[in-house]
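Here's the structure we're looking at; comments come further down.
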Amino acid sequence: MADPMSAVTDAFTSFLFGKVETTRLPVRTSTGQAQAVYLPTAAPGLGDSGVIIGREVYSGKGYIYDPFQLYGQQLPAPHWLVLGESGNGKSALEKTYVLRQLRFRDRQVVVLDAQGEDGVGEWNLIAQELGITPIRLDPMAALDGGIRLNPLDPAITTTGQLALLRTIIEVAMGHGLDERSGFALKVAHAYVNETIVDRQPVLTDIVEQLRHPEADSAAAMNVDIDDVRAWGLDVALVLDRLVDGDLRGMFDGPTTAGIDLDSPLIVFDLSHIDRNSIAMPILMAIVGVWLEHTWIRPDRKKRIFLVEEAWHIINSPFVAQLFQRLLKFGRRLGLSFVAVVHHLSDVVDGAAAREAAAILKMASTRTIYAQKADEARATGRVLGLPRWAVEIIPTLSPGIAVWDVNGNVQVVKHLITEAERPLVYTDRAMTEDGLAIQMAAEAEAEERAAAAVEAETYGGPSYGSTVA
């Protein structure tokens with residue numbers, strides 16, 4: 001029984017101030033009705049300016065990404081690393097990203113296409129659609145008037161030429177040049193550049209000078225001429241492979257005239273080169289340095305350098321050092337480097353672990369498609385991914401990836417338009433990459449969403465061959 005005095009006090013307080021407390025009966029409801037109490041939240045996007053990638057899986061928001069728009073605000077560097085097992089949509093993402101970037105007038109893209117079948121690279125269909133002829137590096141075709149890139153092209157500085165020659169030799173030998181071999185190469189290169197003025201110097205000139213060095217070169221260092229010849233013998237044998245070996249024809253002559261460096265898309269077709277041979281990293285080094293000195297210019301254009309099978313770069317200490325220098329152009333001259341790698345363990349446990357770490361550190365954007373659980377854990381440790389992201393990577397469906405843009409981590413569904421579909425889903429992609437599974441799994445809602453992306457990106461279903 002209530003205390004009479006307390007009852008009188010409560011009645012008087014209620015009279016003056018109104019009833020203070022209300023006794024409510026418990027309410028039973030369903031989660032469907034109660035969800036209105038707990039409003040949904042989603043991580044902030046990357047802005048609304050740039051290239052449409054698809055939509056964020058958990059919130060359904062459109063996902064827009066552009067390293068040039070984000071640089072300086074949300075990105076410390078514009079470089080991008082794409083990881084994942086084959087058959088999960090890496091190829092489709094790369095191709096649609098490039099196609100959408102080319103809709104901007106101030107964009108230019110170079111692709112090193114290391115994959116292909118039926119005698120052409122994987123990017124051949126896109127190049128044809130845009131009215132562009134790929135630069136096909138093929139030893140057999142080069143012997144019959146095919147494409148040549150000259151490591152001694154006058155467009156490359158003498159310092160760059162010597163650095164490139166050293167890299168070619170070090171990659172082929174598997175170790176660095178000692179001081180004596182380096183000296184023999186330096187004096188041969190200097191003599192060739194000083195004496196050949198009526199044409200482009202070529203590798204044959206360097207090989208000949210290494211075999212028959214000038215007496216003045218030996219006298220300058222107070223050494224015997226036979227010693228200089230012996231020091232340069234191994235160097236001459238390595239370079240001879242580019243002149244008269246399995247890579248002959250591609251680099252032992254003047255650079256082929258007519259290569260259009262102003263084209264919006266430049267495709268180097270490397271599909272005729274054995275991807276597992278020492279030739280591939282040598283090619284990567286030559287093409288990378290040649291582009292550094294002939295393609296990258298202070299003209300306010302935004303450039304994208306996309307490399308398929310990029311482990312050939314990151315896994316070689318000598319090539320990786322060259323590309324580290326190239327990546328530094330990203331801040332000064334507007335270059336975004338895109339490296340596509342299947343397994344991070346291919347590079348972080350390799351011979352170039354230190355160089356690989358430096359390149360990975362420069363990549364502020366990381367896109368990870370499905371991987372096995374152990375590989376996902378290793379990737380998460382190296383890249384510093386949150387635990388929840390590492391746990392879902394093995395469960396991702398084709399076309400869905402974890403995006404880490406300088407710490408902004410989201411799960412994104414890549415959407416492909418009807419205009420892009422025939423260019424992205426080639427026969428090779430359908431059979432080898434398994435993207436047919438993704439196509440079959442897309443529901444009608446996905447089709448409508450893709451159509452909306454198409455309308456917003458291109459303003460219509462047609463796809464022209466010129467930059468808008």
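Because only heavy atoms are used, hydrogens play no part in the values below, and waters and symmetry mates are left out as well, while side chains stay in.
A distance of 6.0 Å or more separates the ring centres of F268 and W123.
Ion pair D262/R297 flagged as a salt bridge, since at least one NZ, NE, NH1 or NH2 atom sits closer than 4.0 Å to an Asp/Glu carboxylate oxygen. A salt bridge between R303 and D106 is absent, with no side-chain N of the basic residue lying under 4.0 Å from a carboxylate O of the acidic one. With respect to E418 and R421, a salt bridge is recorded, a charged nitrogen being found less than 4.0 Å from a carboxylate O. Ion pair K90/E85 not flagged as a salt bridge, since none of the NZ, NE, NH1 or NH2 atoms sits closer than 4.0 Å to an Asp/Glu carboxylate oxygen. Using a 4.0 Å cut-off between charged side-chain N and carboxylate O, E56 and K413 make no salt bridge.
The aromatic rings of W295 and F305 lie perpendicular to each other, with more than 60° between the two planes, well past the 30° mark. The aromatic rings of W80 and Y97 sit perpendicular, their planes meeting at an angle over 60°, well past the 30° parallel limit. Ring planes of F323 and F337: tilted class, angle from 30 to 60°.
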request  = Go through the steps to decide whether T96 and H414 satisfy the test side chain to side chain donor-acceptor pair (under 3.5 Å), and finish with yes or no.
outcome  = CA-CA 9 Å; T96 56; H414 174 219; 2.7 Å; yes
request  = Applying side chain to side chain donor-acceptor pair (under 3.5 Å), run through Q161 and H189 and close with a yes or a no.
outcome  = CA-CA 9 Å; Q161 291 175 11; H189 175 253; 2.9 Å; yes
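When the options R100, R103, R107, K302 are evaluated for a salt bridge (charged side-chain N to carboxylate O under 4.0 Å, His left out) with D66, the one that passes is R107.
Under the 4.5 Å side-chain criterion, counting only non-hydrogen atoms from C-beta, V235 is not in contact with I206.
Between L152 atom CG and D252 atom CG the span is 11.0 Å, to the nearest 0.5 Å.
A 6.0 Å sphere centred on NZ of K301 holds more than 12 heavy atoms belonging to other residues, nucleotides or ligands.
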